[in-house]
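One-based numbering, in listed order, for ligands and for the atoms of each.
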Amino acid sequence: MTKKYADLHVHTRYSDSTLLPEEVVNYSVKAGLSAIAITDHDTVNGIQPTMDIARKTGLEVVPGIELTVENEKQEIHILGYYIDWRSKSFIDKISVIQRSRIDRIIKMTDLLNKQGVQITPEAVFNKADKGTVGRLHVASVMVELKITRSIEEAFRKYIGFRKPCYVEHLKFSPEEAVDLISRAGGVPVVAHPNLMKDDSIIDEMIGYGLKGIEVFHTDHDSHAEKKYTRLAKEKGLLVTGGSDCHGLGKGRVLIGTVMIDYAYVEALKQASKLSR
Ligand code: AMP
Ligand code: ZN
Ligand code: FE
Ligand code: FE
């Protein structure tokens, strides 16, 4: 039997990737993946369209989401797998977060204007189109307007965490995020821990019901993979991984660059059944 692989961290144009569901499916099939998870920021709208297209190809689509919380030190991203994405209470809660993202962009463009950067909220909303609007859209408009030379420069100078034009997300604690995913029948997993400044939040979140850790990620080198594999074993956490592909939003299509053993998907699926 040939080995099966998965990419459990993929965005679509329903958040801040440039790729439509059909493009995500095409790239995944070409890369030889058997399964992908759709993990858009604060939305589940990309799941069904991707599933509908993937069905014809045999590609398995795991329903997921990526939530953002922050504390005084850092941003924390929490992935939720096998959530009941049709649950009304879940959709109601993420609708509140989506609305707050719109206000946040207005505040961010106000701050940018005060810094002498001419950018309108409408330009950012047009860029986001149907997607949950966020800083990657702001940054890509800034590049288009030649305000910065790169996405990276926009974050570094203006909109990165605690930079002059940074605006906080809706107040939402790590405990609330883990809880929201668990109550929707999902498996909460801490995303790309190597990008966090302070790992102690992982232990804290285990106390709230965190079940997994993203060991394999585009921004994890082999040292980070080893470190978090060890941590997963020590704490009894599930292991996940994915490319965090944002289409051209992050320069190039990353689908196919992080491929994890399908056995991790089976373990995740099993855990989701137990949590129901
Ligand atoms: P938001 O949801 O508005 O907080 O924006 C999050 C998006 O911005 C995610 O796609 C992040 O990967 C991306 N992002 C955050 N910091 C940076 C950075 N320094 N450089 C490039 N992208 C970033
Ligand atoms: Zn993103
Ligand atoms: Fe993330
Ligand atoms: Fe992501």
Side-chain angles (χ1 to χ4, degrees), residues 7-19 24 36-47 62 64-71 74-81 94 97-109 111-112 119 121 124-125 127-129 131-143 148-172 177 188-197 213-214 216-220 240-255 257-258:
D7 179 342
L8 293 177
H9 194 152
V10 179
H11 293 268
T12 73
R13 215 186 277 179
Y14 286 90
S15 64
D16 56 357
S17 169
T18 57
L19 299 183
V24 165
I36 58 168
I38 298 301
T39 54
D40 277 316
H41 301 284
D42 302 334
T43 183
V44 292
N45 291 345
I47 296 172
V62 175
I65 194 161
E66 182 173 23
L67 301 177
T68 304
V69 296
E70 61 194 73
N71 59 19
Q74 60 191 346
E75 269 181 66
I76 303 144
H77 291 188
I78 303 171
L79 297 158
Y81 292 110
I94 59 176
I97 304 176
Q98 287 160 16
R99 280 195 294 277
S100 83
R101 279 179 167 274
I102 294 175
D103 297 336
R104 180 173 174 249
I105 293 303
I106 294 168
K107 286 185 194 150
M108 216 178 286
T109 49
L111 284 175
L112 284 161
I119 180 171
V124 180
F125 297 140
K127 172 64 69 183
D129 193 23
T132 42
V133 67
R135 284 177 293 161
L136 208 49
H137 300 119
V138 176
S140 79
V141 172
M142 288 174 80
V143 172
T148 60
R149 272 181 304 257
S150 67
I151 299 267
E152 186 276 327
E153 186 186 346
F155 277 89
R156 181 163 39 82
K157 287 196 177 155
Y158 297 103
I159 58 176
F161 188 66
R162 299 286 147 86
K163 297 290 170 168
C165 302
Y166 181 75
V167 179
E168 287 182 1
H169 285 265
L170 179 76
K171 281 259 170 295
F172 194 47
V189 172
V190 61
H192 41 67
N194 206 44
L195 298 184
M196 301 196 303
K197 288 194 189 76
I213 182 163
E214 188 174 51
F216 305 99
H217 184 271
T218 303
D219 297 323
H220 283 192
T240 73
S243 66
D244 207 355
C245 177
H246 281 74
L248 303 179
K250 298 244 161 139
R252 69 187 180 103
V253 175
L254 296 173
I255 292 172
T257 58
V258 178

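The distance cut-off of 2.8 Å around the Fe ion (ligand 4) captures these protein N, O or S atoms, sorted by chain and number: His9 NE2, His11 NE2, Glu66 OE1, Asp244 OD1.
Among the atoms of His41, an N, O or S atom is found under 2.8 Å from the Zn ion (ligand 2). Within the coordination shell of the Zn ion (ligand 2), defined by N, O or S atoms under 2.8 Å, Asp244 is absent.
At a heavy-atom cutoff of 4.0 Å, ligand 1 is contacted by the side chain of His41 but not by its backbone.
Counting atoms of ligand 1 from 1 in the listed order, those under 4.0 Å from a heavy atom of His246 are 10 (O). Residue contact check: Arg104 has heavy atoms under 4.0 Å from atoms 1 (P), 3 (O), 4 (O) of ligand 1.
Annotation: His41 is in aromatic contact with His11 [ring centroid separation under 6.0 Å].
Shown here are the side chain to side chain donor-acceptor pair (under 3.5 Å) partners of Gln98, two or more places apart in sequence or in another chain: there are none.
Judged by the shortest distance from any of its heavy atoms, His169 lies inside the 4.0 Å radius around the atoms of ligand 1. Contact analysis leaves Thr68 out of contact with ligand 1, as no non-hydrogen atom separation drops below 4.0 angstrom.
Backbone and side-chain nitrogen or oxygen atoms of Lys250 are examined, and one is located within less than 3.5 angstrom of a nitrogen or oxygen of ligand 1. Distances between N or O atoms of Arg101 and those of ligand 1 include at least one value under 3.5 Å.
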